[in-house]
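Encoded as structure tokens, the structure appears first; notes follow it.
Each residue takes its place number in the sequence, starting with 1.
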Amino acid sequence: MTGEDRRTDRGEDRRADGGEDRRTDGGETVVTERTDRADGSAGTGRTSRERRGGLHRFDVSSAVGRRAVTLVLAATLAFLMLPILVTVIASFGTTWAGVVPRGYVNFDNWRTVLGLAEGVGVRQGVIQGLAYSAGLATAGMLINIVVGVPIAYSLVRYDFFAKDWINTLAILPIVPGVILAIAFLRMYPEQGGSTFGLIIGYALLKSPFMVLTVQSSLQSMNLQQIEESARSLGASWPRTFLTVIVPNAKDGIVAGSIITWTLAAAEFNFTYIVHSAGPRPFSLFLFENITRSPVLQGAAAVSVYFLIVTAVIVLLQRVGKAGFTTVER
């Protein structure tokens, strides 16, 4: 047979024209690719195994491991979300003596918490207080974006003197809010209870989360190569940073914005010490309704918080996707 010599002795099937060797091993076919060397001798290359009928060996980790991970993830989410779901459902009930609330559907708890009801103990101006607190958290988040993103970029992109110290100082405000509140009042007593003081305090407390999340996003990119490519096309450094670097780091920026906003809105220690008068911030709203009100009113207050936080998270995600794109639609 010209150019080909097949031998099937002991389950082997070999080709002499320089291509591949096949032999059977149990229920598998072992395929060895052969290459010709420069001196005319034959060499061996990659070896692979094939199941008879084209079937691959059963992959236990792929078949069982994926299901196990999915099951663990579902159980974890159910464990975390079930208390929130039960609390929201309970806020529409009339009694909650046992495990399951009863007496649906009742909106009195929501009206009382939001200051829309009439009666003794109903606090007025709750809606204005919630809007005021949302504005404080938003202002602190914007400061973190303006300051935290350049800091994270500098720490990832450049090597300079005392870089490790600056990185430490950038995440140092992660200390408990009560410590920063006392230090803040000692240093700036005239700002105690002011809107400006609360905004700066929220920004300082939550800035490490913005810096760390943006750093993680930037570390996955070759910043030097991206910058050189943009500059070679005629873009200035500010334009390169704003239209190339920032959009590529949008995942970290959006994640940092969500974390800083939600944590600032619920910051209690700093708010309790620094706040003195005016509209009640979010954390004090929750504290009053949880500790000084019936349990169902506390459930309604917590439900209001989760509703607002969910709306803000969805809004930030949509704004992040729409605001950071450089593709014309």
Side-chain angles (χ1 to χ4, degrees), residues 70-141 177 198 202 206 209 254-255 257-272 275 278-321:
T70 303
L71 180 61
V72 171
L73 179 60
T76 303
L77 290 177
F79 178 78
L80 296 175
M81 296 302 298
L82 186 60
I84 299 175
L85 181 61
V86 172
T87 301
V88 174
I89 295 175
S91 65
F92 296 100
T94 55
T95 59
W96 196 3
V99 178
V100 180
R102 297 179 181 180
Y104 298 102
V105 173
N106 179 24
F107 294 95
D108 292 341
N109 299 317
W110 282 72
R111 284 196 291 265
T112 302
V113 166
L114 295 176
L116 303 177
E118 296 180 359
V120 180
V122 178
R123 180 178 292 274
Q124 302 300 320
V126 176
I127 301 297
Q128 292 82 353
L130 296 178
Y132 172 74
S133 183
L136 294 177
T138 302
M141 178 195 70
L198 290 174
Y202 290 165
K206 312 310 172 187
F209 299 99
V254 172
S257 299
I258 292 173
I259 294 173
T260 55
W261 195 97
T262 53
L263 293 180
E267 174 57 38
F268 175 76
N269 293 329
F270 183 89
T271 306
Y272 187 80
H275 182 269
R280 310 294 286 178
F282 226 151
S283 55
L284 299 184
F285 161 79
L286 291 173
F287 176 74
E288 291 178 353
N289 284 279
I290 291 175
T291 60
R292 304 177 185 177
S293 301
V295 63
L296 293 179
Q297 290 186 19
V302 173
S303 301
V304 170
Y305 170 76
F306 282 120
L307 180 64
I308 295 178
V309 167
T310 302
V312 170
I313 291 175
V314 173
L315 178 62
L316 289 176
Q317 289 177 338
R318 293 181 66 88
V319 171
K321 292 179 180 180

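Remark: T138 engages W261 in a side chain to side chain donor-acceptor pair (under 3.5 Å) (not counting sequence neighbours). Qualifying ring pair (Phe, Tyr, Trp, His ring centres under 6.0 Å) partners for F287, counting only residues two or more places apart in sequence or in other chains: F268. Residues satisfying the side chain to side chain contact (heavy atoms under 4.5 Å, CB included) test with V105, not counting sequence neighbours, are F92, F107. I89 is linked by a side chain to side chain contact (heavy atoms under 4.5 Å, CB included) to L85, Y104, counting only residues two or more places apart in sequence or in another chain. Remark: E288 engages R123, R280, R292 in a side chain to side chain contact (heavy atoms under 4.5 Å, CB included) (not counting sequence neighbours). With sequence neighbours left out, D108 forms a side chain to side chain donor-acceptor pair (under 3.5 Å) with R111. Residues satisfying the ring pair (Phe, Tyr, Trp, His ring centres under 6.0 Å) criterion with F282, sequence neighbours excluded, are Y305. Taking F270 as the reference, F184 meet the ring pair (Phe, Tyr, Trp, His ring centres under 6.0 Å) condition, with sequence neighbours excluded. Applying the side chain to side chain donor-acceptor pair (under 3.5 Å) test to T271 and every residue at least two apart in sequence or in another chain returns Y202.
Sequence neighbours left out, the pairs with a member in residues 258-270 that pass salt bridge (charged side-chain N to carboxylate O under 4.0 Å, His left out) are K206-E267.
Separation of atoms OG1 (T87) and CG (L296) is listed at 10.5 Å; rounding is to 0.5 Å. For the atom pair CD1 (I258) and CG (L315), the distance works out to 10.0 Å, reported to the nearest 0.5 Å.
Annotation for Y272: atom OH does not count as buried by contact number, only 12 or fewer foreign heavy atoms lying within 6.0 Å.
Formation of a donor-acceptor pair under 3.5 Å by the N106 side chain with backbone atoms of T94 is not found in this model.
Residue V254 comes nearest to Q317 through the heavy atom pair CG1-CA, 4.3 Å, listed as atom of the first residue, atom of the second, then distance. Between S91 and N109 the shortest heavy-atom distance is O-ND2, 3.1 Å. The two residues V88 and S303 make their nearest non-hydrogen contact at CA-OG, 3.3 Å. Shortest non-hydrogen contact noted between M141 and T260 is CG-OG1, 3.6 Å. Taking both residues in full, the closest heavy atoms of L286 and A301 are given as CD2-O, 3.5 Å, listed atom of the first, atom of the second, then distance.
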Next item on the list: Would you check, one step at a time, whether the test side-chain contact (heavy atoms from CB on, under 4.5 Å) holds for L114 with L130?
Entry: CA-CA 9 Å; L114 295 176; L130 296 178; 4.1 Å; yes
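Across V319, I313, V312, a single residue satisfies side chain to side chain contact (heavy atoms under 4.5 Å, CB included) together with L316, and that is V312.
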